[in-house]
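Below is one structure, written out as structure tokens; the observations come after it.
It should be emphasised that the depicted structure is a prediction, and the values quoted were computed from it without experimental measurement.
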Amino acid sequence: MWKFPGGLSEPGEDLGDTAVREVFEETGIKSEFRSLLSIRQQHTSPGAFGKSDMYIICRLKPCSFTINFCQHECLRCEWMDLSDLVKTENTTPITRRVARLLLYGYKEGFDKIDLTMEELPAVYTGLFYKLYHKELPENYKAMTGEN
């Protein structure tokens, strides 16, 4: 079945870094993180070591295009047109849905689908966290609570 590359995060590894690493390990394609697209939550998944499973889907930008796939993880690997991917029966429901989401982003603008990342200071001095959210319009970015 056709699916997007993916895998488990290393302890302490950020979502975008995991996506970039997994795509490279499985396909040989270098890429850069652009946004978070969606999250699948599933409980009692057989491969989740007795834990609830969160499957994070990221949008990446390719920096290389020559495929050199890992034959231990993939039977086949190729670039595929998204409009063909949404029509194929030989894929998973989540792959078809993400392909439709990406087609919508290409047509209407990725601002309609992307959850962007913003690094903010944590309540603990010197620490930061990453908040993923829809992009705010400029007039809301600098808004204070004085209105």
Side-chain angles (χ1 to χ4, degrees), residues 1-124 127-141 143:
M1 293 189 83
W2 292 110
K3 69 172 210 60
F4 294 109
L8 300 174
S9 289
E10 299 295 336
E13 186 177 41
D14 287 335
L15 299 172
D17 295 337
T18 299
V20 167
R21 177 182 53 76
E22 285 290 341
V23 165
F24 182 73
E25 287 176 2
E26 293 183 19
T27 68
I29 301 294
K30 293 181 181 178
S31 61
E32 56 188 50
F33 176 80
R34 284 296 183 222
S35 72
L36 190 135
L37 288 178
S38 64
I39 301 169
R40 181 206 70 203
Q41 181 181 27
Q42 183 175 352
H43 304 292
T44 64
S45 176
F49 311 104
K51 308 287 184 192
S52 293
D53 182 35
M54 301 288 283
Y55 184 69
I56 312 294
I57 300 171
C58 299
R59 183 169 70 85
L60 306 178
K61 176 184 176 185
C63 299
S64 65
F65 296 90
T66 302
I67 295 172
N68 183 17
F69 72 95
C70 175
Q71 295 180 3
H72 298 291
E73 294 197 46
C74 307
L75 295 175
R76 210 164 132 201
C77 185
E78 64 184 62
W79 290 101
M80 187 178 287
D81 190 282
L82 289 170
S83 47
D84 293 335
L85 186 57
V86 298
K87 295 175 195 167
T88 186
E89 292 296 321
N90 196 20
T91 190
T92 63
I94 196 168
T95 299
R96 279 192 300 277
R97 177 61 56 95
V98 169
R100 284 194 295 272
L101 190 60
L102 288 165
L103 283 171
Y104 176 65
Y106 277 116
K107 184 177 179 183
E108 302 295 331
F110 285 112
D111 61 311
K112 304 273 193 252
I113 62 169
D114 284 346
L115 296 176
T116 59
M117 187 275 295
E118 185 176 3
E119 192 169 270
L120 298 170
V123 295
Y124 303 103
L127 297 178
F128 293 85
Y129 62 88
K130 293 181 178 178
L131 180 67
Y132 294 85
H133 59 85
K134 294 284 290 170
E135 187 71 30
L136 286 171
E138 285 301 320
N139 58 327
Y140 280 85
K141 285 184 181 180
M143 183 183 275

Task: Result of checking Ile94, Val23, Leu85 against Phe4 for side-chain contact (heavy atoms from CB on, under 4.5 Å) - done: Leu85
Open item on the list: A side-chain contact here means heavy atoms from C-beta on lying under 4.5 Å apart; do Phe69 and Ile29 qualify?
Closed with: no
TODO: For the residue pair Thr91 and Thr88, confirm or rule out a side-chain donor-acceptor distance under 3.5 Å.
DONE: no
Task: From Ser35 atom OG to Asp111 atom CG, the distance as rounded to the nearest 0.5 Å - done: 10.5 Å
TODO: Flag the pair Pro121 / Leu127 as yes when at least one side-chain heavy-atom distance between them is below 4.5 Å, and no otherwise.
DONE: no
Task: Residue Glu78 excluded, over 12 heavy atoms near CD under 6.0 Å - done: yes
Open item on the list: Rounded at 0.5 Å granularity, tell me how far NZ in Lys30 sits from SG in Cys63.
Closed with: 9.0 Å
Task: Greater than 12 external heavy atoms within 6.0 Å of Tyr106's OH - done: no
Task: Thr27 side chain to Cys77 backbone, donor-acceptor under 3.5 Å - done: no
TODO: Please examine the side chains of Glu118 and Lys130, heavy atoms only from C-beta on, and report whether any two atoms are closer than 4.5 Å.
DONE: no
- [ ] Can you label the angle between the Phe65 ring and the Trp79 ring as parallel, tilted or perpendicular, going by 30° and 60°?
- [x] tilted
Task: Exceeds 12 heavy-atom contacts within 6.0 angstrom, atom CG of Asn90 - done: yes
- [ ] Decide yes or no on side chain to side chain contact (heavy atoms under 4.5 Å, CB included) for Arg21 and Glu13, but give the supporting numbers first.
- [x] CA-CA 10 Å; Arg21 177 182 53 76; Glu13 186 177 41; 2.8 Å; yes
Task: CA sep, side-chain torsions, deciding dist, call: Val98, Ser38, side chain to side chain contact (heavy atoms under 4.5 Å, CB included) - done: CA-CA 8 Å; Val98 169; Ser38 64; 4.3 Å; yes
- [ ] Check Ala19 against Leu60 and note the closest heavy-atom contact, atom names and distance.
- [x] O-CD1, 3.8 Å
Open item on the list: Could you check whether any side-chain N or O of Asp14 sits under 3.5 Å from a backbone N or O of Gly16, counting only pairs where one atom can act as donor and the other as acceptor?
Closed with: no
TODO: Drop me the distance from Ser52's OG to His43's NE2, to the nearest 0.5 angstrom.
DONE: 4.5 Å
Open item on the list: Take a 6.0 Å sphere around CG of Leu120 and say whether it holds more than 12 heavy atoms from other residues, nucleotides or ligands.
Closed with: yes
- [ ] May I have the step-by-step check of side chain to side chain contact (heavy atoms under 4.5 Å, CB included) for Asp114 and Leu36, ending in yes or no?
- [x] CA-CA 6 Å; Asp114 284 346; Leu36 190 135; over 6 Å; no
- [ ] Please indicate whether Glu89 has more than 12 foreign heavy atoms, meaning atoms of other residues, nucleotides or ligands, lying under 6.0 Å from its CD.
- [x] no
Open item on the list: Between Thr18 and Glu22, is there a side-chain heavy-atom distance shorter than 4.5 Å?
Closed with: yes
TODO: Take atom CZ of Arg97 as the centre, draw a 6.0 Å sphere, and report whether it contains more than 12 heavy atoms from other residues, nucleotides or ligands.
DONE: no
Open item on the list: With a 4.5 Å cut-off on side-chain heavy atoms, are Arg59 and Phe110 touching?
Closed with: yes
Task: Option among Arg34, Glu135, His133 that satisfies the side chain to side chain donor-acceptor pair (under 3.5 Å) test with Thr116 - done: Glu135
Task: Donor-acceptor side-chain pairing of Asp81 and Ser83 below 3.5 angstrom - done: yes
Open item on the list: I'd like to check Thr95 versus Lys3 (side-chain heavy atoms, cut-off strictly below 4.5 Å). Are they in contact?
Closed with: yes
Task: Side-chain heavy-atom pair Leu115, Lys134 within 4.5 angstrom cut-off - done: yes
Task: Heavy-atom closest contact (Met80 atom, Trp2 atom, distance) - done: CE-CE2, 3.4 Å
TODO: Check Ser64 against Gly28 and note the closest heavy-atom contact, atom names and distance.
DONE: OG-O, 4.0 Å
- [ ] First locate atom CD of Glu26, then atom NE2 of His72, and finally report the distance between them rounded to the nearest 0.5 Å.
- [x] 12.5 Å
Open item on the list: Met117 vs Leu131, test: side chain to side chain contact (heavy atoms under 4.5 Å, CB included). Steps then yes/no.
Closed with: CA-CA 6 Å; Met117 187 275 295; Leu131 180 67; over 6 Å; no
TODO: Measure the spacing between CD of Glu108 and CD1 of Ile113 and express it to the nearest 0.5 Å.
DONE: 10.5 Å
- [ ] State the CE-OG distance between Met54 and Ser9, to the nearest 0.5 angstrom.
- [x] 11.5 Å
